[in-house]
Structure formats: structure tokens, C-alpha cells
Amino acid sequence: MPATPGKNAIEVRGVRKVFGTGEAQVAALDTVSVSIRENEFFTLLGPSGCGKTTLLRLIAGFDFPSDGEIMLYGEDIAPLPPFKRPVNTVFQSYALFPHMTVAQNIGFGLEMLGKPRAEIDARVAEMLKLVRMEKLAKRRTSQISGGQQQRVALARALAPQPKVLLLDEPLSALDYKLRKEMQIELKRLQHETGITFIFVTHDQEEALTMSDRIAVMSSGKILQVGSPRDIYDRPAERFVADFIGETNFLDARIDSIEEGRAKVTLKSGATISATLPDGFKPDGEATVVIRPEHAKAVKDGGDISGVVENVVYFGTDTHVHIRLDDGETFTVRQQNARGAGTSFERGQRVGIVIGDDAAQILKD
Ligand code: ATP
């Protein structure tokens, strides 16, 4: 069935999850609401302990909300036990059966559902092809590599054709190169199957490169939901700006507001234009965030100025750390294309040009 664009697969409405009692009480989820669209690669991103796994477990049915409800295609799934939910989970540890072959592992869920043999065999063959493991079908899962085990775990979870696949840090046990390969593989699987993926990670780069949309979480709350570009270019809160990528924070005074943008004066006296988060109208003081690649260091002029403290070479680009005249630090990232860019030295006086549309005001 073709996916209907914009239709919600999962709606989490005002969900709270409290563990423990009295002084030991922890709100693992503190009134979380979010809608996840059909056929979407949706990522829950946040540091350890922010509540990502708890939210997945509630969707899977391994645990129950203390408050609020979770809807699947418009129906409250509270009465459904995990095995009756059209939802499957891939765990970080894969949780494969080591004494079974690859094919037996993939067919396991279908066996449990009591599907006819011929249907199981056909589906297992299809899944082996999907994850490119046809040649290893008869190997025991204890005799294959970590990356191959990951593919089997994915195939096993996809075999019963769930409507939603939950993935709890599925790539974190793999080394860097394999993780990069599996990121591409996961995107391909999601695209080819059209299944809604809810992916949990604490790795911001993984979230940015793989997701259609990201929910950034902190301390049991969802702080911002948006496309990778929205989240990176238009972080609404300090935590989001800081958690994702490198950021410069500058104090500013709001001079005027017009159509979602503000004119602000920085401490240096420079006046720049900055974007406002949706529906946010600050007055007085505010913090402005500017990504290092949205500013440029120049030998003369610029909106603000300072002295180069350090120059760090990263191959594709160079980071220039500058101590501003007001004492704050500012990083500029310049690309290292051949013949491009000016080189800077420690101790040199420089100006910083802040690009049009580079500055964003934070809510907090
Ligand atoms: P990680 O990335 O480390 O897995 P997470 O973002 O998935 O972290 P959760 O595992 O959802 O975070 O935990 C959220 C909070 O709830 C943490 O403070 C955790 O200690 C607490 N918590 C989770 N499960 C339980 C439990 N069964 N009993 C008590 N506290 C729990």
C-alpha cells in the first residue's frame, strides 16, 4: 500500500513516565508529545539518560506510560500487548539466537506467529536478499561478523512486516567504518520497505545524516522537532545548539523586531540581523548563535574583531579560534579547497564577517 504523505503513524500525547517513588522518583519522560509520520525516518536524539529508550519501550509495549496516551494510526495502543502491536524492535545487542542459523533467526518471528512453512521460507528468502545475506543463510549467527549480525537482526525484525520499526542505538557496537556503511544500508532498507523507522541515537552526526526529522531530547523532554537542516541551522534553544555541532554564542541587545527577524546590537557595537524561533518575541537581552562555517575571518574590517588564539587543521577544513575584544571566544571554520581561503597565524588581529542569515536568536 503506498504511504500517504503526512499521515501520522504514531502520535505520542502528553506521555509521562515516572520510575520509583518518593525521593527516589525519576521522571524519565516529562510530558512528551510528538507525531511521527508514516514512512518517515524519525530520530530521537539526546544524551545518555534523557529518556530515548523509555519512549521506545512505551511504543513497543514493554512498559506503560504513567500518564498520557500513544496512538498508532489513530488508535490507542494501550490495550495491546507487545506481540500484538504491529511494531518491532532492533536492539543494540542484536539479541540473536547463537545456536540457530541466519535463516532460522530471520524466520523466528514468523514461526511464532504460526505462519505456514511455505510463506516463512519465501519471506526469509526475500529478507536474505534485502539485507544481502543470501550466501550466509545456513551459517550459525555465532559464526558471522558484527556487521553481518546487525543485518540479520534487521532482517528478523522486518520479516513480520511491522508498520513501525524501533531501532535502539543499533549501530553503536560497530566500528567507525562499518557504522558508516550500515548507516547507508539502514537508509536504503527504510526507503525500500517504506516502513516507519524510529531510530534512537546519542550521535548527532548519525542523526543529521540519516533522518527525515529529528526530535532533540534532554531530561525527559523533547526540546525541538525538525528536519536536520532546521535543527542545525535554526536551533531554538541553547541545549539544541550546543548538543548539535559546534556553535558560537554571543550576547546581544534586541533593537527591533520585524517579520520573524530581529535587529540586534552585539557587545562589540556591531549591528546584525538575526532570525527568531517561530512565535518567539524577545525583548531586552538575548543570546545569538552563529555556526562557525557561517562566519568568515578577514584581515581587515568585519562585524566583530579579535586576535587569533589557535589554528587547527582538519584536512577538509581549518578551525580558527579567535579571542574577541570583549573577551569571548569565537570559532570560524574555513574550507581548505586548493588555492582558497586566507591563512591565519596565532596572535594575528582579525575581523569576523557574519554572513547574511547566519545568526539565530535562542529562546533561553
Ligand atoms: P541511554 O542513551 O543511556 O540509553 P536514554 O536516553 O535511553 O539513555 P532512558 O534509558 O530512557 O535514557 O532513561 C531515562 C531516565 O530514566 C534515566 O534517568 C534512567 O536512569 C531512568 N530509568 C530508566 N529505566 C528505569 C527503571 N526501570 N527504573 C528506574 N529508573 C529508570
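Atoms within a ligand are numbered from 1 in the order they appear, just like the ligands themselves.
Considering only residues two or more places apart in sequence or on other chains, E205 meets the salt bridge (Lys or Arg N to Asp or Glu O under 4.0 Å) condition with K180.
Minimum interatomic distance between T141 and V152 (heavy atoms only, all atoms of both residues): CG2-CG1, 4.2 Å.
Residues in residues 104-145 take part in these ring-ring contact (aromatic ring centres under 6.0 Å, His included) pairs, two or more places apart or across chains: F97-F108. Judged as a salt bridge (charged side-chain N to carboxylate O under 4.0 Å, His left out), the pairs with a partner in residues 273-300 (not counting sequence neighbours) are, in order, E293-R333.
Between F42 and F199, the ring center distance fails the sub-6.0 Å criterion.
The shortest side-chain heavy-atom distance between Q148 and R132 does not fall under the 4.5 Å cut-off.
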Pairs under 3.5 angstrom, nitrogen or oxygen on both sides, ligand 1 versus protein: list them out, please.
from, atom 1, to, atom 2, distance (Å)
ligand 1, 2 (O), K52, NZ, 3.0
ligand 1, 3 (O), S48, OG, 2.6
ligand 1, 6 (O), G49, N, 3.4
ligand 1, 6 (O), C50, N, 3.1
ligand 1, 6 (O), G51, N, 3.0
ligand 1, 6 (O), K52, N, 3.1
ligand 1, 6 (O), K52, NZ, 3.0
ligand 1, 7 (O), T53, N, 2.8
ligand 1, 7 (O), T53, OG1, 2.7
ligand 1, 8 (O), G49, N, 2.7
ligand 1, 11 (O), T54, N, 2.9
ligand 1, 11 (O), T54, OG1, 2.5
ligand 1, 12 (O), G51, N, 3.3

